[in-house]
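Worksheet for the structure shown next.
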Amino acid sequence: MKIAVFVSGGGTNLQAIIDNTKTGILQDIEIVLVLSSSPDAYALTRAADNGIKSVVLRSADFADKAEWDQKVVEEVKASGAELVVLAGYLSLLGPKIVSEYSNRIINIHPALIPSFCGAGMYGIKPHRAALARGVKVSGATVHFVNENYDEGPILLQKSVDVLPDDTPEILQKRIMKECEWEILPKAIRLIADGKVEINNNIAYVRE
Ligand code: GAR
C-alpha cells in the first residue's frame, strides 16, 4: 500500500513509520509523499535523507483556502497514495481532501481522546493540560479524520501512567516513545491488512 504522510515539525512519528518500512511491520508499505505545512520542518530533512519525495504547501501562499485544499488533493492523487497519515500535522485539513479521502485519513493525537483534544490542543499543550488536571493516566490516540479537530472514529489508543515527577516535556517524550511511535505504524498495518471497518462513526478492528 502507498501512503502519504503529512507533517509540520520534527517528524519523529514520520521516522517511526520510515523505520518500520525498513525493518519493522511496514515492509510492504511505500511512503510516496511527505507533505509539510512548514518549510522549516525537520521532517523534510528526514524525507530527503530517505529519498522520499516531499512538498511544502502553506495555505497562506494560496489566494484562498479552497485553492490550497484543491492543491493538497492534487498532490495526494498524483502520488497514488491510498492512505493519508497525519503525523504531527498541525493545520486543519480543507473539506475537499477530507471528503475525497473519507475514512482514508488518520491522525495521531498525543492524549486519550476525548480528553485534551480539539482546536488549539497540539504539541506540548495536551500534556500541560493533562498535568494541570491531575490525571493519573494519559497516552495517545490514532483516529480517522473528519472535518472537525479530533472528532473522527477512534482506531487505537495506548496509555501510560502519569508519574509524580512528570513535567509536560517528560510526559510528552514518554508518550511519544511508548505510545505514538508504536500505535501509528500499527494502525497503518491494520488498515493495509483490511482489518478496519467503520460503522456509525465507530471503528472496529477485525482480527
Ligand atoms: C506529536 O506528539 C503528535 O502527536 C502531535 O505533534 C507531535 C509531532 O511530533 N500532534 C498533535 O498535537 C496533533 N493535534 P513529531 O513531528 O516529532 O512527529
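Counting convention: from 1, in listed order, for ligands and their atoms alike.
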Which of the numbered atoms in ligand 1 are under 4.0 angstrom from any heavy atom belonging to [X]?
X: Met121; answer: 14 (N)
X: Thr12; answer: 15 (P), 16 (O), 17 (O), 18 (O)
X: Tyr122; answer: 12 (O), 14 (N)
X: Ile108; answer: 4 (O), 10 (N), 13 (C)
X: His109; answer: 14 (N)
X: Glu180; answer: 1 (C), 2 (O), 3 (C), 4 (O)
X: Met176; answer: 1 (C), 2 (O), 9 (O), 17 (O)

Fill in the blank from the handout: Looking at Gly9, Ala111, Ala16, Gly88, the heavy atom closest to atom 8 (C) of ligand 1 belongs to Gly88
Handout entry: For atom 16 (O) of ligand 1, closest protein heavy-atom neighbour
Key = Gly11 N, 2.7 Å
Practice task
For atom 11 (C) of ligand 1, grab the closest protein heavy atom and report residue, atom and distance to one decimal in Å.
Solution key: Pro110 CD, 3.6 Å
Practice task
Supply the atom-to-atom distance Ile18 CD1 to Ile52 CD1, rounded to the nearest 0.5 angstrom.
Solution key: 4.0 Å
Practice task
Might you work through the side-chain hydrogen bond (donor to acceptor under 3.5 Å, both in side chains) test for Ser8 and Ser38, ending with a clear yes or no?
Solution key: CA-CA 6 Å; Ser8 297; Ser38 160; over 6 Å; no
Exercise for the section: Look at Glu82 together with Arg104 and state whether they make a salt bridge at an N to O cut-off of under 4.0 Å. Expected result: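 Arg104 and Glu82: not salt-bridged.
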Exercise for the section: Decide, yes or no, whether a salt bridge links Glu75 with Lys71 under the criterion of side-chain N to carboxylate O below 4.0 Å. Expected result: yes
Fill in the blank from the handout: Note: Gln172, heavy atoms under 4.0 Å from ligand 1, region reported as neither
Handout entry: Test item: Glu180 side-chain N/O and Lys177 main-chain N/O as donor-acceptor pair under 3.5 Å
Key =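 Not at all, since once roles are kept as given, no pair shorter than 3.5 Å links the two residues.
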Handout entry: ligand 1 contacted by Gly123 (non-hydrogen, < 4.0 Å)
Key = yes
Problem - Flag side-chain contact, heavy atom, 4.5 Å: Ile154 against Ile113 - result: yes
Problem - Asn13, any N or O under 3.5 Å of ligand 1 N or O - result: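 Yes, at least one N or O pair falls under 3.5 Å.
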Handout entry: Criterion side chain to side chain contact (heavy atoms under 4.5 Å, CB included) against Tyr89, the qualifying member of Leu35, Val7, Val5
Key =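 In the set Leu35, Val7, Val5, the residue that makes a side chain to side chain contact (heavy atoms under 4.5 Å, CB included) with Tyr89 is Leu35.
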